[in-house]
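Following: one structure in structure tokens, then a few remarks.
Naming convention: chains lettered A, B, ... in sequence-line order (proteins, then strands); numbering from 1 in each chain. The shown structure was predicted, so the numbers you read here are calculated from the model rather than taken from an experiment.
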Number of protein chains: 2
Amino acid sequence: MRGEALKGHLDLLLLAVLHRNPAHGYAVIEELRRLSGETFDLPEGTVYPALHRLERNGMIASRWSEESGRKRRIYELTPQGRKALEVYCDEWHRFADGVNSLLREVNVPCVA
Amino acid sequence: MRGEALKGHLDLLLLAVLHRNPAHGYAVIEELRRLSGETFDLPEGTVYPALHRLERNGMIASRWSEESGRKRRIYELTPQGRKALEVYCDEWHRFADGVNSLLREVNVPCVA
DNA sequence: ATTTGATACTATGCGATGCAATGTATATAA
DNA sequence: TTATATACATTGCATCGCATAGTATCAAAT
């Protein structure tokens with residue numbers, strides 16, 4: 001997966017994962033990989049800064065957790081984040097419909 | 001449509017439009033709007049530099065055309081561009097499948 | 001005849017973003 | 001005790017969409 005493909009859709013993915021369950025950063029990465037069918041295997045340098053940004057913007061909130069001596073920062077959606085997720089989800093569908101519509105119209109010869 | 005959503009997918013869209021027919025920049029913008037169901041209404045500042053970049057990378061080739069006194073730069077796919085289009089198209093489908101898979105799994109409440 | 005709007009291209013620079021790279025620290029298994 | 005997986009954080013680069021600004025032509029409206 002080329003990196004640029006993700007741009008502008010990462011927030012949707014992260015909010016979606018956290019909508020399922022509150023989780024810490026490392027778990028988010030794993031869940032993202034698992035739930036996307038191994039499609040998204042994001043590096044920490046991508047996910048951690050993005051989580052910080054989402055928290056800074058009030059989309060998610062975090063608390064420290066210490067289970068079995070391990071420090072983890074647990075993130076969960078705020079009400080605002082829940083709303084944003086719906087908006088992003090709508091935008092995603094309109095975007096995907098637009099691309100698919102175009103590809104259908106021009107009859108692009110995909111390998112798949 | 002948020003700008004960032006487009007990132008990393010613009011080349012696919014442009015190559016797809018030019019796969020249908022050779023066209024000049026302005027026409028590409030109109031075709032893109034029309035064929036996407038009015039979803040993509042891209043500014044010139046987005047499309048022209050992108051076309052230049054695609055030409056620089058050997059994906060498309062251009063020639064000047066002067067019909068009815070109007071100077072236009074007509075772009076068309078190169079063989080390399082045709083190949084890249086197939087690759088991008090594959091990547092798009094994997095990407096979209098990944099996102100849709102995730103959204104399904106987490107049961108995101110889209111408005112739509 | 002002149003203004004307006006659509007057509008058509010070019011170039012510059014900003015802001016946002018994904019991520020490679022690097023560093024720290026702990027738990028567990030070999 | 002060495003290695004591996006877990007877990008977090010930060011810095012800076014490269015890329016990219018696009019706002020902005022500028023030039024020029026043609027058609028239609030005033």
Side-chain angles (χ1 to χ4, degrees), chain A residues 1-15 17 22-34 36 39-57 59-60 62-75 88 91 95 98-99, chain B residues 1-15 17 22-34 36 39-57 59-60 62-75 88 91 95 98-99:
Chain A
M1 184 66 46
R2 279 178 318 115
E4 286 98 37
L6 204 61
K7 286 203 184 183
H9 302 285
L10 180 58
D11 288 1
L12 166 64
L13 301 181
L14 298 181
L15 292 178
V17 168
H24 62 277
Y26 205 82
V28 167
I29 293 177
E30 289 182 320
E31 283 293 273
L32 201 45
R33 182 169 49 230
R34 193 174 67 82
S36 70
T39 305
F40 301 121
D41 189 8
L42 305 187
E44 298 162 83
T46 293
V47 173
Y48 284 116
L51 289 173
H52 298 161
R53 189 177 60 234
L54 285 171
E55 181 164 36
R56 203 167 56 242
N57 297 341
M59 302 300 176
I60 59 181
S62 74
R63 56 186 159 80
W64 280 104
S65 147
E66 186 145 3
E67 283 172 41
S68 63
R70 238 213 158 77
K71 276 196 159 186
R72 290 163 171 155
R73 191 186 279 282
I74 310 289
Y75 292 96
Y88 286 155
E91 283 186 359
F95 176 76
V99 175
Chain B
M1 183 65 48
R2 278 178 320 115
E4 285 98 37
L6 205 61
K7 286 202 184 183
H9 303 284
L10 180 57
D11 288 1
L12 166 63
L13 300 181
L14 298 181
L15 293 178
V17 168
H24 61 278
Y26 205 82
V28 167
I29 293 176
E30 289 181 321
E31 284 293 274
L32 201 45
R33 183 169 49 228
R34 192 174 68 82
S36 71
T39 304
F40 300 122
D41 188 9
L42 305 188
E44 299 162 82
T46 293
V47 173
Y48 284 114
L51 289 173
H52 299 161
R53 188 177 64 236
L54 285 171
E55 181 164 36
R56 202 166 58 241
N57 297 342
M59 302 301 176
I60 58 180
S62 75
R63 54 182 162 81
W64 280 105
S65 147
E66 185 147 4
E67 283 172 40
S68 64
R70 236 208 161 79
K71 275 197 159 185
R72 290 162 171 154
R73 192 187 278 282
I74 309 289
Y75 292 97
Y88 286 155
E91 282 186 0
F95 176 75
V99 175

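Contact check, A/T46 against C/dG18: no side-chain N or O comes under 4.0 Å of OP1 or OP2. One finds a side-chain N or O of B/R53 lying less than 4.0 angstrom from the OP1 or OP2 phosphate oxygen of D/dG17. Applying the 4.0 Å criterion to OP1 and OP2 of D/dC8, one finds that A/R70 has every side-chain N and O outside that range. Checking the phosphate oxygens (OP1, OP2) of D/dA9, no side-chain nitrogen or oxygen of A/Y48 falls inside 4.0 Å.
To the nearest angstrom, C1' of C/dA8 lies 12 Å from CG of B/L51. At whole-Å resolution of the value, CD in A/E66 and C1' in C/dA25 are 12 Å apart. A straight line from CG of B/D41 to P of D/dA19 spans 11 Å, rounded to a whole angstrom. Remark: P of D/dG17 and NE2 of B/H52 are 14 Å apart, rounded to the nearest angstrom. As a whole-Å value, the separation of A/F95 CZ from D/dG17 C1' is 12 Å. Between the C1' atom of C/dA8 and the CD1 atom of B/I74 lies a distance of 11 Å, rounded to the nearest Å. Atom NZ in A/K7 sits about 9 Å away from atom C1' in C/dC19, given to the nearest Å. What separates NZ of B/K71 from C1' of D/dT25 is a distance of 12 Å, to the nearest Å.
Here the NZ atom belonging to B/K7 is positioned 13.0 Å from the CG atom belonging to A/L10, to the nearest 0.5 angstrom. To the nearest 0.5 Å, atom CZ of residue A/R70 and atom NE2 of residue A/H24 are 8.5 Å apart.
You'll find that the side chain of A/L42 is closest to C/dC19, out of C/dC19, D/dT10, C/dC9. Here D/dC18 is the nucleotide among D/dC18, C/dT10, D/dT6 with the atom lying nearest to any side-chain atom of B/L6. Proximity note for B/H24 (side chain, C-beta onward) versus C/dC19, D/dA5, C/dC9: the nearest is C/dC9.
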### Query
Could you go step by step and tell me if A/N57 and A/D11 meet the side chain to side chain contact (heavy atoms under 4.5 Å, CB included) rule?
CA-CA 11 Å; A/N57 297 341; A/D11 288 1; 5.9 Å; no
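Annotation for B/V47 and B/G25: closest pair CG1-O, 4.4 Å, computed over non-hydrogen atoms.
Using cut-offs of 30° and 60° for the angle between ring planes, the A/F95 and A/H9 rings count as tilted.
Remark: the B/E44 side chain and the C/dC9 base include a donor-acceptor N/O pair separated by less than 3.5 Å.
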